Amino acid sequence: MALNGFLDIELSVKNPTELGDFWERHGLRRTADGVYGTDQRSAVITVKEGDHRHLSAMHFSTASEVDIVETARRLDALGVASRTTSTTLECNDPVLGHSIRIEVGAPIPLKAVDPRPANRPGDRNRFNQRNASLTPDRRPPRRLGHVVLASPDIEKSTAFYFDGLGFRITDQFVGANATFGRVETDHHNLLIHRSRVGYLNHYALEVDDIDAIGENGAAVVADNPDSHIIGVGRHLLGSNLYWYLRDPSGNMFEFFADMDHITNDEDWAKNHSRSDWGAPTAPAPVQAWGDGPNEAFLAVPDIEEIAQARARRGLP
Ligand SMILES: [Fe+2]
């Protein structure tokens with residue numbers, strides 16, 4: 001047994017009130033001071049004030065007290081110090097610097113909420129009623145699904161998340177330049193990729209379906225037309241439908257739906273997982289269809305500010 005849930009993250013930003021207000025307008029609920037959740041999760045994002053935008057904490061659950069002891073032992077073998085009680089473990093990401101908190105707990109499955117009947121050829125499910133309306137009810141994000149982190153020491157980062165914390169590898173790019181990993185059944189709760197400077201590439205919130213992506217994304221763009229980055233499209237790795245946008249603190253985020261789920265680890269590892277994505281044998285475009293990477297997706301406008309803030313803390 002091992003990590004079994006990716007629960008929530010903490011974002012440190014220069015404008016925490018503005019970011020909190022943004023998420024309250026776009027479907028999260030303020031459940032405590034600086035804490036924003038969904039109807040089924042009391043915490044998804046905690047917002048704190050910081051001198052530059054960065055991920056400052058990740059929070060996981062794990063199956064048992066034995067896992068706490070074994071995780072601490074694995075981290076120790078990597079030279080990463082941790083603080084434990086019988087049911088909790090805390091440590092710091094040795095490259096990016098944010099804190100990690102793990103506590104013993106059971107997975108929190110989501111309840112299906114208001115599935116909308118769809119009409120397909122030969123499979124009609126909605127009769128005598130409209131689907132689209134002038135005032136669609138905007139179904140909010142349900143949970144945090146994953147983060148993508150950029151690491152200036154990809155070998156050390158990969159060892160920390162996969163050998164130390166026990167993430168399972170789903171797919172990997174050639175040369176281990178980027179690795180998709182999971183602690184739940186999602187194709188990925190984490191993607192970590194090589195970069196000159198460490199930073200949060202994006203965080204991703206799961207919504208119900210393609211319409212919910214459209215409704216939520218359109219509302220964010222109505223708020224600020226410059227927030228659009230790329231979308232909609234469907235990823236190749238993970239198969240998730242996506243729309244990428246920028247929050248008012250400058251963080252890229254993703255509304256996603258319909259990701260691949262993996263319940264048979266052995267079968268995935270044997271028959272689906274690849275470690276040569278990006279090589280000539282397995283060229284891997286970002287998208288199966290839809291908008292692909294553009295300048296806004298690939299460039300990080302505030303990268304030098306992030307680099308300088310990290311240098312002040314002695315971080316790469
Ligand atoms: Fe993503």
Side-chain angles (χ1 to χ4, degrees), residues 5-9 11 23 26-28 38 41 44-45 53-55 58 60 96 98 110 140-151 154 157-158 161-162 167-173 177-195 198-210 212-214 216-217 220-221 227-247 249-262 273 277-278 284-300:
F6 181 27
L7 301 178
D8 54 277
I9 53 172
L11 298 174
W23 277 119
H26 293 292
L28 300 187
T38 67
R41 301 271 167 103
V44 167
I45 299 171
R53 66 171 183 92
H54 63 285
L55 177 72
M58 298 172 83
F60 302 97
L96 295 172
H98 57 262
L110 291 179
R142 304 298 180 191
R143 64 189 267 269
L144 176 75
H146 61 271
V147 292
V148 173
L149 304 177
S151 170
I154 194 69
S157 289
T158 306
Y161 284 99
F162 293 89
F167 272 69
R168 303 188 293 283
I169 291 177
T170 307
D171 277 304
Q172 197 161 45
F173 277 72
N177 284 323
T179 305
F180 288 91
R182 63 193 191 278
V183 298
E184 301 178 342
T185 58
D186 297 51
H187 174 274
H188 53 279
N189 300 112
L190 172 76
L191 166 62
I192 188 139
H193 67 84
R194 193 186 292 277
S195 170
Y199 66 92
L200 170 65
N201 177 292
H202 71 268
Y203 59 98
L205 299 172
E206 186 176 19
V207 298
D208 291 5
D209 54 26
I210 185 71
I213 290 177
N216 283 290
V220 170
V221 170
S227 61
H228 170 75
I229 296 179
I230 59 167
V232 295
R234 190 182 279 278
H235 278 306
L236 180 71
L237 301 178
S239 303
N240 39 316
L241 296 158
Y242 60 77
W243 190 343
Y244 287 88
L245 301 132
R246 203 173 301 283
D247 74 24
S249 300
N251 300 299
M252 183 157 69
F253 72 92
E254 174 190 2
F255 289 129
F256 78 95
D258 194 25
M259 180 178 270
D260 292 333
H261 276 253
I262 298 165
S273 180
W277 290 111
V286 165
Q287 78 279 27
W289 57 261
D291 273 354
N294 58 12
E295 181 69 15
F297 183 79
L298 296 172
V300 185

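Atoms within a ligand are numbered from 1 in the order they appear, just like the ligands themselves. Predicted model, so just to flag it, every value in this text is computed and none were measured.
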What is the distance from atom CD of Gln287 to atom NE2 of His235, rounded to the nearest 0.5 Å?
9.0 Å
Before accepting this row, confirm whether a basic side-chain N of the pair Arg143/Glu184 lies closer than 4.0 Å to the acidic partner's carboxylate O.
yes
Answer key: the N, O or S atom of Glu254 nearest to the Fe ion (ligand 1) is OE1
Taking just the N, O or S atoms of His202, which one is nearest to the Fe ion (ligand 1)?
NE2
Only one of Met252, Glu295, Glu254 forms a side chain to side chain contact (heavy atoms under 4.5 Å, CB included) with Ile229, so which one is it?
Met252
How about His188: does one of its N, O or S atoms come closer than 2.8 Å to the Fe ion (ligand 1)?
no
Any donor-acceptor N/O pair, Asn189 side chain to Val183 backbone, under 3.5 Å:
yes
